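All heavy atoms count here, side chains included; hydrogens, waters and symmetry mates do not. Counting convention: from 1, in listed order, for ligands and their atoms alike. Predicted, not measured: the structure shown is a model, and the values here were computed from it.
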Amino acid sequence: MNDMTPTREQRTAALEGLGCKRKRVEDIRFTQGKGNYVDDVKLPGMLHGDFVRSPHAHARVKSIDDSEALKVPGVLAVITAETLKTVNLAWMPTLAGDVQMVLADGKVLFQNQEVAFVVATDRYAADDGINKVKVEYEPLPPLIDPFKAMDADAPVLREDLAGKTTGAHGPRKHHNHIFEWTVGDKELTDAAFKKAEVTIKEMISYHRTHPSPLETCQCVCSFDKIKGELTIWGTFQAPHVIRTVVALIAKLPEQKIHVISPDIGGGFGNKVGAYPGYICAAVASIVTGKPVKWVEDRIENLTATSFARDYHMTTEIAATKEGKVTGLRVHVLADHGAFDACADPSKWPAGFFNIVTGSYDFPTAHLAVDGIYTNKAPGGVAYRCSFRVTEAAYCIERAMDILAQKLGMDPAELRLKNFIRPEQFPYHSALGWEYDSGDYGTAMRKAMETVKYAELRKEQEALRAAFKRGETREIMGIGVSFFTEIVGAGPSKNCDILGIAMFDSCEIRMHPTGAGIARMGTKSQGQGHETTWAQIIATEIGIPADNIMVEEGNTDTAPYGLGTYGSRSTPVAGAAIAMAARKIKAKAQMIAAYKLEVHEDDLEWDIDGFRVKGLPEKFMSMKDICWAAYNSVPPGMEPGLEAVSYYDPPNMTYPFGAYICVMTIDVDTGVYKVRRFYALDDCGTRINPMIIEGQVHGGLTEAFAIAMGQEIRYDAEGNVVTGSFMDFFMPTAVETPHWETDFTVTPSPHHPIGAKGVGESPNVGGVPAFSNAVNDAFSFLGSTHIQMPHDFWRNWLAAKNLGVFE
Ligand code: CDP
């Protein structure tokens, strides 16, 4: 070894593999304005489509007159449900087993529902055309309050379902009922409540909100009449699923459909489903023979594409007087809007809400969810969370605080007393999940020590005393939240979308010079996959991450995958990447053995190549093996070095974390100040700590937005009153608190590299931390639970209702 020989540390660092804070490679183009988004797609002769939308939440459509619209210069066509009926596309199937109108068919069921699609030579002409389409409506009574949906005299919303007593998920109890989903042991749970020394019961609502990505939903559809091929550029989080859905509903051969997701400006679940805009643009392109672009504006995005949450959770806990939980009972009223278009795996009508036992060792639990129709936009997407997991975490984390308050116990102490213990993993929860790994006590104690929890409680006590003496108008809340997520949908035994198992995939091709390209079934919307996927490969096969190009989003080239949402990319595709890389390595080992003239078993892996055991000077680097793969493979072996893996995970992964929020509130104005926010995450093996930190910052900011103000609110007539960023809270750098991040590492035992997902964790843990801080602040004034969102006005109102002032 001479002075120039790199050390082991230098060779490892040169790979920029697992654990490296590698800078995001995609940012080179993003920060220079060189990203390529759907709206950048401009094709010769391209037309533009835009929607006529309903001003009513519930009305009969008596007539649509397009004669004046067709006179507008540039307007070429007006598509209505009648047009779509000629190609059997007036209604489309939803991911949840329901059907949904593409364009209003006789009725509208929510404000801003798509009524007609105007196609024109440019966007302005399309907009002028919209204003000239005359639609005659007969208003019907709107149903907005979910608690009135199943009243005997509630208006009938879905006339198409008349007489149907069974839906996709079993019997329907009422004309506005979609499904009832029950899990757990009712008898045992009821018995636990009968025996309980202490019980709590609270209706905890998680209000309707919206993912509102920076880039709205959009597509360009281009039908080639000669080849009979349809190319769709779209903001799709799951491009392969879109291709299959189009093949099924448009009856086009799947090989003739090309779906391309270019760069995406945020998804957060909003871009998983199929929207009327996609169908109408495709039909318009097939009819006109020209490419057709459809781009939503902000108001359309907020009011008509998939919402999130809207769960009303009546929650009960049974416990001993020492604070040991003995039972959990939850009933959820799930407001799904006008159509059941929830984006959940097929068998899970309420997603993975049955993770609601959280991080606690509940001996028994029972959950019942009733899905109902109202006159609101359809959807129910996993907005920065795995399917309905943030609702579940909010439900249990608020309920644990309410129980602590009733017992007169510290909420952190109550949690520590009830955590699933490390030796209980793999842990079978009362509602049916098998948690893979966790060390909750260590994480909680680390969080408490870092923020000096005991001192904070003393400070709070002193401030409360001062408040009671009339010396201050400020109150202080300490919000504790401990969450367990369930991510990585998912194992084919329990997860599919439209019958397609939720595996994911990776194909790696190594080139002769020691570089390569890797393609996956996932699609980054800003998560940095181009950076981190290459890091997994770098560590697995000893080729620098910089030499691996990552490509996602083109269904013609990428292997079939189920896409990116619900933190599934790392648990599922991340595993596929490691497995494909291991196939490459296995072939590389055979080539190295042949070249080094030893048996394969005599080789050992050493960072970036194979070494002969006991003969350290006999070494062949992976780079050299790549070259050899193209000119001197062992006799009988095929040349080349590539591999593909389709990975069906054996289980989900269960990331967890401990979050603490310290907040002060001025009772006279309701103005709050987040003094401190500490977030400890455990996502198992950490691929890129810098990207994880970025994910946590983003997720916490969205959690802050949701908990403290962001809401899709309707008035009694069904008008959306928060339909623009004037009213829908979108925090900027001015409002956003400072985030402190931390971690522990508890690898997943079944994931090839031990990684769990992280993208959604901060939203799941963040929302209850904020809400618990607000509720904790008010608790000494006699309040038990204040509903979110906790904006200034609601804080002021809470103070008023608690008699703090006249
Ligand atoms: O599915 P999605 O990409 O939204 O979520 P994810 O799997 O949690 O990954 C988000 C980003 O964090 C990706 O770039 C991952 O590679 C990265 N990550 C990581 O560096 N280490 C982990 N243990 C988990 C995710």
*Selection residues 438-447 - residue pairs positive for side chain to side chain donor-acceptor pair (under 3.5 Å), sequence neighbours left out*: Asp439-Thr442, Tyr440-Thr484, Lys446-Asp742

*Verify the ring-centre separation between Tyr311 and Tyr206: is it less than 6.0 angstrom?*
no

*Looking at Phe483 versus Phe656, is the centre-to-centre ring distance below 6.0 Å?*
no

Tabulating one pair per line, provide the atom names and distances (0.1 Å) for every N/O atom of ligand 1 that is less than 3.5 Å from a protein N/O atom.
from	atom 1	to	atom 2	distance (Å)
ligand 1	1 (O)	Arg568	N	3.4
ligand 1	1 (O)	Ser569	N	3.0
ligand 1	1 (O)	Ser569	OG	2.7
ligand 1	3 (O)	His529	NE2	2.8
ligand 1	3 (O)	Ser569	OG	3.3
ligand 1	4 (O)	Gln527	NE2	3.0
ligand 1	7 (O)	Thr570	N	2.8
ligand 1	7 (O)	Thr570	OG1	2.6
ligand 1	8 (O)	Val758	N	2.6
ligand 1	8 (O)	Gly759	N	2.8
ligand 1	9 (O)	Thr570	OG1	3.4
ligand 1	14 (O)	Gln527	O	2.8
ligand 1	14 (O)	Thr532	OG1	3.0
ligand 1	16 (O)	Thr532	OG1	2.7
ligand 1	20 (O)	Asn688	N	3.0
ligand 1	21 (N)	Ile687	N	3.1
ligand 1	23 (N)	Cys683	O	3.2
ligand 1	23 (N)	Thr685	O	2.7
ligand 1	23 (N)	Lys756	O	3.1

*Do the charged groups of Asp648 and Lys493 touch, with an N to O distance under 4.0 Å?*
no

*List for me each residue that meets side chain to side chain donor-acceptor pair (under 3.5 Å) alongside Glu300, sequence neighbours excluded, and say none if there are none.*
Arg53

*Can you list the residues that meet the ring pair (Phe, Tyr, Trp, His ring centres under 6.0 Å) rule with Tyr560, with sequence neighbours excluded?*
His240

